[in-house]
Amino acid sequence: MLITEFFISILISLLPSDNSSIKNSVYSYQKFAKGCVYHDVNENEVMDEGEVGIANVYVSNGVDIVKTNKGGKYKIPISDDAIIFVIKPRDWMTPVDKLNLPRFYYIHKPGGSPDNFVYRGVEATGALPENINFPLYAEKGKSKFKMIVFGDPQPYSLEEVDFFSENIVSELVGVKGVEFGMTMGDIVGDNLDLLKPMNQAVAKIGVPWYNVLGNHDVNFQADRDELSDETFERVYGPPNYAFVYGDVHFIVVDNVIMNAPVGDRGYVGGLRPDQIEFVKNYLKLISKDDLIVLTMHIPLVQHERFRESDQKKLFALLSEFPHTLSISAHSHTQNNTFFHEESSHWQGEVPHHHFNVGTTSGNWWNGVRDENDIPLTMMRDGTPNGYSYITFNGTNYIIDWKVSGKSENYRMNIHTPRGVSEGASASTNITVNFFNGSEQSELSFRVLGETGWNKMEKVSKQDPFYSLIYERFSDFNSINIKDQWENDPELKNKPYPLIKRMYEANNSTHLWQSEIGKNLTEGIHVIEVKAKDRYDREFKDYHTLRIIK
């Protein structure tokens with residue numbers, strides 16, 4: 001080892017003085033971590049006598065990936081700011097802690113995180129252990145399984161953690177038939193001390209829970225992007241990692257690139273070269289017969305400030321795989337985008353599906369409080385708050401949106417004016433928000449006993465119900481109700497019962513519209529809507545319309 005270090009020092013001395021990146025690269029590889037990935041039969045997280053290593057398991061330092069030998073042993077280069085982790089194989093599971101957070105990594109930071117952070121990062125880990133062993137538990141990997149996906153819980157206070165617990169977690173406690181869950185970033189809203197109560201809440205669901213870093217989960221005191229995730233690393237481990245369930249390879253990336261100035265909250269969506277390299281190295285190891293699921297916080301689309309150059313790099317890596325899906329959150333809207341070869345940088349034969357999941361917090365926990373004292377929060381595209389189920393079967397998958405507190409059959413909102421005059425119904429619009437709809441969905445309607453089925457047109461407009469709520473919010477603001485409340489000595493210490501803030505509606509990507517097309521007689525009429533989704537499933541819902549003279 002001393003001879004190796006001697007030659008490294010000679011090599012460094014010969015490098016040009018302006019070649020600092022090469023110097024850092026050389027320094028980062030002068031140490032190696034080694035150990036064993038083993039079958040932890042008694043699940044005590046200690047490699048006991050008689051417990052054997054597991055061959056052909058991948059271990060990574062966040063860039064490089066190595067495979068264990070027939071005895072389960074590995075050796076991998078390591079820097080003094082690194083996280084070594086095992087990539088969970090199909091028929092194995094890593095330990096989870098008492099909060100159901102998977103523990104599949106070892107943090108090596110001899111100096112710890114910077115000490116100027118408001119929220120605590122990683123404590124100094126000391127010298128590199130002689131061996132870093134990873135326990136795995138045997139399990140039967142199923143090709144058909146289900147996961148839960150949360151978008152942006154994003155609480156800014158303990159009260160909003162309670163909103164999340166009561167509105168989302170309470171209906172998922174003891175959920176059956178689910179292998180694991182994942183939160184797609186913005187786990188909290190800037191206050192990283194709220195990570196603990198959030199983890200305590202999610203743990204009650206009772207399944208392993210993976211996490212993605214969002215732009216509200218970072219340390220703003222970091223002087224470079226690589227250090228912005230120190231608190232996330234302390235709590236969850238590596239922000240870039242991978243694991244396997246069934247025939248699906250999940251690749252998790254931190255795609256929030258923070259601006260360099262200390263305290264700057266600016267960011268852009270993208271990946272650093274080392275992150276691209278990790279994705280590239282892992283994809284080299286994967287069978288093209290499997291499904292690749294890339295998960296991130298910021299959507300891949302450019303209007304969400306995702307760097308086009310990085311999108312092209314990712315698409316180039318994924319384009320060789322016939323089965324791909326990517327998932328994000330961030331926008332507080334729900335979107336299903338299909339990247340086509342003729343209209344985007346995607347070069348695969350099959351269009352790439354990017355699912356931007358809606359949020360558990362809806363419109364940032366804004367809205368009039370309901371009978372449970374929880375805001376009736378709705379996203380800017382008219383999607384009620386909730387979460388997603390994704391069911392995988394081999395390389396196939398089905399995505400469903402579950403509205404919080406509602407039946408699983410609640411798939412759409414139907415909008416018409418109230419009290420339409422006789423003679424005006426033919427030109428009256430019916431608008432349907434099919435929450436998880438896409439360009440591959442088809443909607444039609446009929447007036448029971450009055451018309452046949454009529455195909456509806458997909459439109460890009462604001463959801464009429466959300467627009468109505470926003471108009472009311474603007475009216476409240478115009479008469480300064482909130483200011484009056486906060487200046488009233490008897491009211492100012494009570495929670496404001498209306499809407500604390502609201503954002504103007506976005507055009508919805510899952511809205512359909514049509515004129516009724518027939519003048520209806522006075523009375524109550526029933527409109528039936530039929531929605532066919534991209535999986536050829538059919539859903540129906542009903543809406544009444546009153547006609548007046």
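When reading the values below, keep in mind they use all heavy atoms of this one structure, side chains included, and skip hydrogens, waters and symmetry mates.
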Q. Quick one: salt bridge (Lys or Arg N to Asp or Glu O under 4.0 Å) partners of Glu471, sequence neighbours excluded?
A.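 Expected list: none.
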Q: Under the salt bridge (Lys or Arg N to Asp or Glu O under 4.0 Å) rule, collect the residues that match up with Lys540, sequence neighbours excluded.
A: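 Lys540: salt bridge (Lys or Arg N to Asp or Glu O under 4.0 Å) contacts with Glu528.
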Using modelled atom types only, decide if a donor and an acceptor are shared between the side chain of [X] and the backbone of [Y] within a distance under 3.5 Å.
{"X": "Thr377", "Y": "Ser361", "answer": "yes"}
{"X": "Thr360", "Y": "Phe150", "answer": "no"}
{"X": "Asp225", "Y": "Met258", "answer": "yes"}
{"X": "Trp485", "Y": "Leu491", "answer": "yes"}
{"X": "Thr183", "Y": "Gly185", "answer": "no"}
{"X": "Thr544", "Y": "Val526", "answer": "no"}
{"X": "Asp40", "Y": "Asn44", "answer": "yes"}
{"X": "Asp217", "Y": "Ile187", "answer": "yes"}
{"X": "Gln275", "Y": "Asp254", "answer": "yes"}

Q | Distance under 6.0 Å and angle within 45° of ring axis: Arg380 vs Tyr466 | A | no
Q: Kindly confirm or rule out a cation-pi arrangement of Lys530 over Trp453, judged by NZ or CZ under 6.0 Å from the six-membered ring centre and within 45° of its axis?
A: yes
**Q.** CD on Glu45 to CZ on Phe134, rounded to 0.5 Å
**A.**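 Separation between the atoms: 12.0 Å.
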What residues form a side-chain contact (heavy atoms from CB on, under 4.5 Å) with [X], not counting sequence neighbours?
{"X": "Pro197", "value": "Leu158, Val161, Leu194, Gln200"}
{"X": "Ser474", "value": "Tyr470"}
{"X": "Thr395", "value": "Leu291, His323"}

Charged N-O contact under 4.0 Å between [X] and [Y]:
{"X": "Lys406", "Y": "Glu171", "result": "no"}
{"X": "Asp193", "Y": "Arg120", "result": "no"}
{"X": "Asp488", "Y": "Lys492", "result": "no"}
{"X": "Asp91", "Y": "Lys142", "result": "no"}

Check: [X] ring centre within less than 6.0 Å of [Y] ring centre:
{"X": "Phe180", "Y": "Phe250", "value": "yes"}
{"X": "Tyr241", "Y": "Tyr105", "value": "no"}
{"X": "Tyr106", "Y": "Phe85", "value": "no"}
{"X": "Phe243", "Y": "His249", "value": "no"}
{"X": "Phe306", "Y": "His297", "value": "no"}

Q) What pair of heavy atoms forms the shortest contact from Phe434 to Leu443, and how long is it? A) CD2-CD1, 3.9 Å
Q: Apply the ring-ring contact (aromatic ring centres under 6.0 Å, His included) test between Phe145 and each candidate in Phe392, Tyr397, Tyr389; give the one that qualifies.
A: Phe392
Q: Just do the ring pair (Phe, Tyr, Trp, His ring centres under 6.0 Å) check on Tyr410 and Phe539 with the steps written out, would you?
A: CA-CA 9 Å; Tyr410 181 36; Phe539 305 98; over 10 Å; no
**Q.** Sequence neighbours excluded - salt bridge (Lys or Arg N to Asp or Glu O under 4.0 Å) pairs with any residue from residues 229-251
**A.** Arg90-Asp247, Lys109-Glu230, Lys109-Glu233
**Q.** Check against ring pair (Phe, Tyr, Trp, His ring centres under 6.0 Å), Trp346 and Phe315
**A.** CA-CA 6 Å; Trp346 178 253; Phe315 281 178; 5.3 Å; yes
